[in-house]
2 protein chains.
Amino acid sequence: MPAAVDVDDIDHALLRLLGVDGRRTFADMAGTVGLSTAAVKRRVDRLREAGVITGFTVQVDHARLGWGVEAFSEVRYAGSTNVTEIVETASRQPEVQAVYTVAGDLDALVQVRVRDLDHLQEVVDRLRRTGTVTGTRTLMVLGRWTRS
Amino acid sequence: MPAAVDVDDIDHALLRLLGVDGRRTFADMAGTVGLSTAAVKRRVDRLREAGVITGFTVQVDHARLGWGVEAFSEVRYAGSTNVTEIVETASRQPEVQAVYTVAGDLDALVQVRVRDLDHLQEVVDRLRRTGTVTGTRTLMVLGRWTRS
DNA sequence: ACTGAAAGCAGTTTCAC
DNA sequence: GTGAAACTGCTTTCAGT
């Protein structure tokens with residue numbers, strides 16, 4: 001468990017503002033939260049140093065790039081397989097966006113992004129052949145909603 | 001399906017650079033991809049206009065904010081429930097980060113972020129009571145790996 | 001389409017209070 | 001935490017290739 005960090009309502013407001021637009025300026029946010037630019041800068045610096053803010057990134061519409069199909073693959077591995085191995089083998093596939101190791105009868109939930117259904121087929125086949133996979137079940141995403 | 005967009009290798013490189021650091025400057029990227037600042041600006045502008053870049057955001061370590069538990073809830077709804085309804089009822093819960101409607105015997109995959117196990121219990125109970133849920137199965141995330 | 005330079009401007013950063 | 005000042009350096013434009 002990471003160290004607890006003191007984060008008040010204004011900090012949360014700043015995080016929310018940066019969530020909507022990660023390039024918002026200190027002066028702009030200062031106006032919104034009712035603080036000075038200097039105070040906002042100090043707070044954001046502090047949030048970065050505390051590890052609350054880990055970075056900034058661009059949001060991309062992958063469908064526009066021709067990668068219009070998204071899916072989750074539930075994967076089961078042989079009992080001997082360890083977690084590190086699971087993540088390493090799955091993340092090696094370029095189509096894999098995220099790997100979640102989970103508790104329960106399932107071992108991992110693998111999020112993939114592919115061009116089309118043929119491509120999905122191929123990726124799932126590839127996943128099944130890697131390491132010590134004993135079974136998969138693929139959930140194709142029809143629609144998605146994401147917070148903010 | 002969205003309109004196809006012409007995106008060459010340099011555009012991909014720019015997207016990758018912005019993915020790592022969404023605040024990277026045009027001049028900085030220009031040096032890396034071997035183009036002038038002006039050319040990089042025009043390309044990024046074009047990617048925004050084409051809808052490939054949908055925005056910029058901050059990356060937050062939620063565990064540091066005291067929300068250390070993540071889970072996926074697989075949800076089944078009564079046959080009559082439509083997709084819009086599913087997304088609306090689930091996304092109304094503040095702990096819900098994302099809702100994926102999926103093909104198959106399952107109807108939705110709901111990603112939640114909570115403070116602790118008691119909180120998870122509570123959210124799942126709440127989800128089960130909303131709308132026309134007929135069953136859930138919750139996968140608690142033990143570890144995660146995300147691209148880039 | 002990209003370059004290079006110049007202008008202008010905005011954001012960051014610092015410091016005394 | 002404020003406010004102002006100084007600085008930095010980024011964005012933006014434009015003529016030229």
Side-chain angles (χ1 to χ4, degrees), chain A residues 2-68 115 146-148, chain B residues 1-67 147-148:
Chain A
V5 182
D6 264 356
V7 179
D8 65 14
D9 289 353
I10 293 180
D11 290 326
H12 274 113
L14 294 175
L15 290 173
R16 207 172 40 74
L17 289 170
L18 287 173
V20 174
D21 178 5
R23 284 187 157 181
R24 206 161 242 157
T25 63
F26 296 146
D28 183 18
M29 294 193 284
T32 307
V33 303
L35 252 61
S36 68
T37 304
V40 170
K41 173 184 159 42
R42 245 178 302 114
R43 278 169 179 266
V44 172
D45 284 349
R46 193 175 134 273
L47 288 170
R48 290 191 106 263
E49 272 150 32
V52 173
I53 291 177
T54 59
F56 295 88
T57 191
V58 67
Q59 290 166 311
V60 173
D61 182 348
H62 291 89
R64 301 257 174 168
L65 294 174
W67 292 62
R115 281 185 293 271
T146 311
R147 185 162 297 280
S148 174
Chain B
M1 204 64 131
V5 182
D6 265 356
V7 179
D8 65 15
D9 290 352
I10 293 180
D11 290 325
H12 274 114
L14 294 175
L15 290 173
R16 206 172 40 74
L17 288 171
L18 287 173
V20 174
D21 179 4
R23 284 187 155 182
R24 205 160 243 159
T25 63
F26 297 147
D28 183 19
M29 294 193 284
T32 308
V33 303
L35 252 59
S36 69
T37 303
V40 169
K41 173 184 159 43
R42 243 177 307 111
R43 279 169 178 267
V44 172
D45 285 349
R46 193 176 134 271
L47 289 170
R48 291 190 105 264
E49 273 150 33
V52 172
I53 291 177
T54 60
F56 295 87
T57 192
V58 67
Q59 291 166 310
V60 173
D61 182 347
H62 291 88
R64 302 257 173 166
L65 293 174
W67 292 62
R147 185 163 299 279
S148 175

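Sequence lines set the chain letters: A, B, ... in the order given, protein chains first and strands last, and positions in each chain run from 1.
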Atom CG in B:D45, atom CD1 in B:I53: separation rounded to 0.5 Å?
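So the CG of B:D45 and the CD1 of B:I53 are separated by 9.0 Å.
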Please round to the nearest 0.5 Å and tell me the distance separating atom CG of B:L14 and atom CG of B:D9.
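It is 11.0 Å, given to the nearest 0.5 Å.
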How would you list, by chain and number, every residue that makes a side chain to side chain donor-acceptor pair (under 3.5 Å) with [X], sequence neighbours excluded?
X: A:R43; result: A:D8, A:D11
X: A:D21; result: none
X: A:T54; result: none

Divergence of helical axes at both termini of the helix from C:dA1-D:dT17 to C:dC17-D:dG1 - five pairs an end, 10° steps
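Roughly 30°, once rounded to the nearest ten degrees.
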Ignoring hydrogens and angles, write down the donor-acceptor pairs under 3.5 Å from the side chains of residues 26-40 of chain B, residues two or more places apart or on other chains.
residue	atom	partner	partner atom	Å
B:D28	OD2	B:R24	NE	3.3
B:T32	OG1	B:D28	O	3.3
B:S36	OG	B:A39	N	3.2

Is any side-chain heavy atom of B:L65 closer than 4.5 Å to one of A:V5?
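SC-SC contact between A:V5 and B:L65 ruled out.
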Considering all heavy atoms of both residues, which atom of A:S148 and which atom of A:V20 are nearest to each other, and what is their separation?
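Looking at all heavy atoms of both residues, the shortest contact is OG-CG2, 4.0 Å.
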Check B:L47 against B:V7 and note the closest heavy-atom contact, atom names and distance.
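Minimum heavy-atom separation between B:L47 and B:V7: CD2-CG2, 4.3 Å.
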DNA chain D-proximal residues of residues 17-32 of chain B, any heavy atom under 4.0 Å
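Output list: B:T25, B:F26.
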Do any pairs count as a ring pair (Phe, Tyr, Trp, His ring centres under 6.0 Å) and have a residue in residues 31-67 of chain A, sequence neighbours left out, and if so which ones?
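Qualifying pairs: A:W67-A:H119.
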Go through residues 36-51 of chain B and report each residue with a non-hydrogen atom lying under 4.0 Å from DNA chain C, sorted by number.
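Contacts with DNA chain C under 4.0 Å: B:S36, B:A38, B:A39, B:R42, B:R43.
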Which pairs with one or both residues in residues 49-60 of chain B pass salt bridge (charged side-chain N to carboxylate O under 4.0 Å, His left out), sequence neighbours excluded?
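Applying salt bridge (charged side-chain N to carboxylate O under 4.0 Å, His left out) to every pair that reaches into residues 49-60 of chain B, excluding sequence neighbours, yields nothing.
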Outermost nucleotides of DNA chain D that come under 4.0 Å of a non-hydrogen atom of chain B:
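From 5' to 3', the first and last contacting nucleotides are D:dC10 to D:dT13.
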If only atom types and distance count, is the side chain of A:T57 paired as donor or acceptor with the main-chain N or O of B:G19 below 3.5 Å?
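Yes.
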